[in-house]
S.K.: 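One structure, as structure tokens, below. Some questions next.
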There are 2 protein chains.
Amino acid sequence: MFTQSEENYLKAIFHLQEEAEKGVSTSSLSEELSTKAASVTEMLKRLAEKNLVDYQKYYGVHLTAKGKKQALAIIRKHRLWESFLVERLNFNWDEVHEVAEQLEHIKSPKLVEELDKFLARPDYDPHGDPIPDADGNMPKAPKKRLSQIKEGEKAICKGFNDNSSSFLQFLAKHKIGLDTKLKVLQIESFDESMNILVNQKEVLLSKTATDNIYVEDLKTT
Amino acid sequence: MFTQSEENYLKAIFHLQEEAEKGVSTSSLSEELSTKAASVTEMLKRLAEKNLVDYQKYYGVHLTAKGKKQALAIIRKHRLWESFLVERLNFNWDEVHEVAEQLEHIKSPKLVEELDKFLARPDYDPHGDPIPDADGNMPKAPKKRLSQIKEGEKAICKGFNDNSSSFLQFLAKHKIGLDTKLKVLQIESFDESMNILVNQKEVLLSKTATDNIYVEDLKTT
DNA sequence: ATTTATTTTTAGCTTTGCCTAAAAAGTTAT
DNA sequence: ATAACTTTTTAGGCAAAGCTAAAAATAAAT
């Protein structure tokens, strides 16, 4: 069907498309995939040939319906495997990413369906990201960033936007994970860094960090 | 580490090395892998370069210690995944092969170890083949072929040597699986085909078939 | 509105792994 | 032992996916 490389491009385009509504640029893909821009251009032409993207020279790409469907199928597999690794194989949620990156390319519709069933059809993966269903529908998470919480309020962690190992390990060090409860003690106005109470301890988080932590309000109490 | 293609060659060499004690020939590999002989030659040179095989032009290859270790690691993964698919994900044992062929190339020592643990460290896969441990040691199965059983004796199925879909489906049709009990009713002397009693029914099996079914004697009764 | 800087594309090269066709080595048969 | 056959290797190509360096297009700045 599609090569692993093609699938990686589709996934990357999908993710980059979420933020900017514009076409996804060659350079952003180049960065995301750690591949030289020249190689990206080449691949975009190939993907356009296969009707997976709309590609306009010098103006980036958009996924077509076909490409989007494929991207969602890969993301579905990635997140199901991450769930499996954490929930059944004792992986920590900060060490599943690279393995899931390999597993997501396994081709077997039955495997995906049975895995989903085996895991009791989860809606979210261990990072709190929604898992698309077999038709590509995302369970919509009304996501709020920690950076949007006001001083004195409490919240509960529901996801993380940065899958880099260093960020995840930073979180682990402070015992911040899914469903961890936080209280915003104080916000520095000059850099928007936050003083947080978590596990009875104070932690200082930069704006970069709080932008990448998704939470739900915790009105109770 | 190694490419998927390299791993497939190592596995194939390992399997072919079992029967013939001679070096494994280019043509047998060509057949086993459905690849042209010229391509095989090329790959053998590459594997020799990496010290995975001893290669003598025109006289085939042997695995080195390093190559054998690697082959066993792949076989271990293949068989563990097959066990997982059958025992946890409701796959039939005649439909796991192709998927396992993909999964065996996933690189993650932790994944293999955890999977093994999760499955309670099985000794045999769903086809009855032994699963090497982390050090490459095979739980030795004192295997006997159905073709070696005498008229009137009973036996119990412990494995199958041919993973082709058609053979496995043939077995499934007659409800012959792991731990199925058989009785040898009669042996045709001219072609060594056997009349077998299985599930209260008579089935005629060719010598080719009985050579590929591993059994244990069933003295009890 | 040109010049300057940045981004993107083209052109040409590399590696992996496969292919076909032809040459060379090994094997078998007379 | 030489001829005939089979197997293996060499030679030369091709596609995927990456790279560098140079050219072209777009965007920014004076």
Side-chain angles (χ1 to χ4, degrees), chain A residues 1-13 16-17 19-63 67 70-71 74 98 101-102 104-105 107, chain B residues 1-13 16-17 19-63 67 70-71 74 101-102 104-107:
Chain A
M1 214 60 183
F2 304 107
T3 67
Q4 293 202 187
S5 202
E6 286 169 342
E7 293 188 344
N8 287 335
Y9 274 86
L10 292 176
K11 199 173 47 136
I13 296 167
L16 293 171
Q17 204 169 248
E19 3 248 87
E21 269 312 300
K22 317 256 84 189
V24 175
S25 70
T26 300
S27 53
S28 62
L29 278 166
S30 163
E31 164 138 32
E32 175 86 1
L33 296 163
S34 306
T35 302
K36 290 291 141 73
S39 310
V40 173
T41 299
E42 245 191 318
M43 179 59 99
L44 295 185
K45 284 195 278 189
R46 238 173 299 157
L47 294 175
E49 201 62 45
K50 296 189 179 188
N51 286 308
L52 293 164
V53 298
D54 289 323
Y55 171 49
Q56 301 215 130
K57 272 190 184 177
Y58 294 101
Y59 293 92
V61 282
H62 287 275
L63 290 176
Q70 191 57 30
I74 301 156
E98 305 87 64
E101 207 106 272
Q102 297 179 60
E104 72 191 4
H105 299 294
K107 279 151 188 72
Chain B
M1 213 64 181
F2 305 106
T3 67
Q4 294 203 185
S5 203
E6 286 168 343
E7 293 189 344
N8 287 334
Y9 275 87
L10 292 176
K11 198 173 48 137
I13 296 167
L16 292 171
Q17 204 170 248
E19 3 248 88
E21 270 310 300
K22 317 256 84 188
V24 175
S25 69
T26 300
S27 53
S28 62
L29 277 167
S30 163
E31 164 138 35
E32 176 86 2
L33 296 164
S34 307
T35 302
K36 289 293 142 74
S39 309
V40 173
T41 299
E42 246 191 317
M43 180 59 98
L44 295 185
K45 284 194 276 189
R46 239 174 297 158
L47 293 175
E49 200 63 45
K50 296 188 178 186
N51 286 309
L52 294 164
V53 298
D54 289 324
Y55 171 48
Q56 301 214 129
K57 271 190 188 178
Y58 295 100
Y59 293 91
V61 280
H62 288 275
L63 290 176
Q70 191 57 31
I74 300 156
E101 208 106 274
Q102 298 178 60
E104 73 190 4
H105 299 295
I106 302 292
K107 280 152 186 73

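Here is how names work: the chains are called A, B, and so on, in the same order as the sequence lines, proteins then strands, and each is numbered from 1.
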S.K.: Rounded to the Å, how far apart are A:E49 CD and D:dA15 P?
M.R.: 13 Å
S.K.: Please encode protein proximity along nucleotides 10-23 of chain C as a string of B, S and -, counting only heavy-atom distances under 4.0 Å.
M.R.: B-----SBBBB---
S.K.: With a cut-off of less than 4.0 Å, is there a side-chain N or O of B:T26 near OP1 or OP2 of D:dT9?
M.R.: yes
S.K.: Walk me through whether B:S27 and B:S25 qualify under side-chain hydrogen bond (donor to acceptor under 3.5 Å, both in side chains).
M.R.: CA-CA 5 Å; B:S27 53; B:S25 69; 3.3 Å; yes
S.K.: Atom NZ of residue position B:K22 - does it have more than 12 heavy atoms of other residues, nucleotides or ligands inside 6.0 Å?
M.R.: no
S.K.: Using only atom types and a distance under 3.5 Å, with no angle test, would you say the side chain of A:T41 pairs donor to acceptor with the backbone of A:A37?
M.R.: yes
S.K.: In whole Å, what is the span from the CG atom of B:L29 to the C1' atom of D:dT7?
M.R.: 13 Å
S.K.: List the atom of B:Y55, the atom of B:L44, and the distance in Å for their closest heavy-atom pair.
M.R.: CE1-CD1, 4.1 Å
S.K.: Just by distance, do the side chain of A:T35 and the backbone of A:E31 share a donor-acceptor pair under 3.5 Å?
M.R.: no
S.K.: Atom NZ of B:K22 to atom C1' of D:dT8: distance rounded to whole Å?
M.R.: 18 Å
S.K.: Taking C-beta and beyond as the side chain, do A:F2 and A:L52 meet within less than 4.5 Å on heavy atoms?
M.R.: yes
